[in-house]
Amino acid sequence: MDQGSIARILKQVSGGEDEIQQLQKALLDYLDENTETDASLVFSRKFYIAQWFRDTTMETEKAIKSQKDEDSSEGTHHAKDVETTGQIMHRAESRKTFLRSIIKTAPSQFSTLKMNSDTVDYEDACLIVRYLASMRPFAQSFDIYLTQ
């Protein structure tokens, strides 16, 4: 991945959200800007929103499950894991709130929320998609699947 380009995109995207949320917003803005030229981008935009919401829900469920597993074992790292679980839960809720706000925004209202069209071009959008895909669990564990 081209970390320099990712850093440049993050600087251009306004907002105090976390890195993933900023990249998601940049990609959604790009897709929304180009729906007039390619109708399939409307589906892509909805698919990404649904997939990210599902990923956030799965991350939350895994955090709750790991917390329950730790509660049963009462290990010495329990306090550290609870803090991490709390952080995951907080981050997941903020991402869900962000995605809900995007879903509730009507297309006519969304045009007022758009970024400058020069911020993300086609190559940057492809880079964002690759970067976000690399953060998914399957991409991170691909070597394990391949060796098995």
Side-chain angles (χ1 to χ4, degrees), residues 1-35 38 40-71 75-146:
M1 289 294 146
D2 185 5
Q3 283 299 110
S5 294
I6 294 291
R8 178 184 50 80
I9 293 168
L10 287 172
K11 286 179 185 176
Q12 292 174 345
V13 176
S14 62
E17 305 99 7
D18 64 359
E19 178 180 297
I20 301 297
Q21 198 168 339
Q22 288 177 326
L23 292 172
Q24 288 173 345
K25 182 175 179 357
L27 182 60
L28 291 174
D29 288 344
Y30 171 80
L31 292 173
D32 189 59
E33 287 176 7
N34 293 294
T35 55
D38 188 0
S40 66
L41 295 180
V42 174
F43 173 77
S44 298
R45 186 174 181 278
K46 291 179 181 180
F47 173 79
Y48 279 126
I49 292 170
Q51 188 65 43
W52 294 332
F53 197 88
R54 180 186 171 276
D55 290 347
T56 302
T57 303
M58 296 298 289
E59 183 179 317
T60 305
E61 289 173 0
K62 285 181 184 178
I64 291 170
K65 183 180 178 188
S66 69
Q67 183 179 10
K68 287 180 182 178
D69 292 344
E70 288 295 321
D71 286 344
T76 58
H77 301 291
H78 179 69
K80 191 178 208 178
D81 290 338
V82 170
E83 181 182 349
T84 305
T85 303
Q87 291 171 348
I88 290 171
M89 297 290 284
H90 178 68
R91 185 174 56 242
E93 283 305 313
S94 68
R95 286 183 183 167
K96 283 183 178 182
T97 303
F98 163 71
L99 292 171
R100 283 187 196 112
S101 69
I102 294 293
I103 292 169
K104 290 179 183 177
T105 305
S108 62
Q109 294 172 332
F110 199 76
S111 63
T112 61
L113 300 175
K114 286 183 188 175
M115 301 179 320
N116 185 358
S117 61
D118 296 336
T119 303
V120 177
D121 59 1
Y122 178 77
E123 288 80 21
D124 289 343
C126 290
L127 178 65
I128 291 171
V129 169
R130 285 194 310 271
Y131 181 78
L132 292 174
S134 72
M135 305 295 277
R136 295 185 48 85
F138 179 75
Q140 292 177 347
S141 60
F142 187 72
D143 290 337
I144 295 169
Y145 289 118
L146 191 59

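These numbers come from a predicted model, not from an experiment.
The CD1 atom of I102 sits 14.0 Å away from the NZ atom of K46 when rounded to the nearest 0.5 Å. L27 contributes atom CG, which lies 7.0 Å from atom CG of L132 (distance to the nearest 0.5 angstrom). To the nearest 0.5 Å, atoms OH (Y131) and CD1 (I9) are separated by 11.0 Å. Here OG1 of T56 is found 9.5 Å from CZ of R91. Values are rounded to the nearest 0.5 Å. A distance of 9.0 Å separates CD of Q3 from CG of L10, quoted to the nearest 0.5 Å. Between the CG atom in L41 and the CD atom in E33 there is a gap of 11.0 Å [rounded to 0.5 Å].
Closest non-hydrogen pair, I88 versus A63, comes out as CG2-CB, 3.8 Å. The two residues L23 and I128 make their nearest non-hydrogen contact at O-CG2, 3.6 Å.
With sequence neighbours left out, Q51 forms a side-chain hydrogen bond (donor to acceptor under 3.5 Å, both in side chains) with D55. Partners of R8 according to the salt bridge (charged side-chain N to carboxylate O under 4.0 Å, His left out) rule, which considers only residues two or more places apart in sequence or in another chain, are D124.
Within the 4.5 Å cutoff, the side chain of I49 has no heavy atoms near those of the F53 side chain. The shortest side-chain heavy-atom distance between V129 and Y48 falls under the 4.5 Å cut-off. Using a 4.5 Å heavy-atom threshold, the side chains of V120 and Q12 count as separate. Contact of the D32 side chain with the L28 side chain is not registered, since no non-hydrogen atoms from C-beta on lie closer than 4.5 Å.
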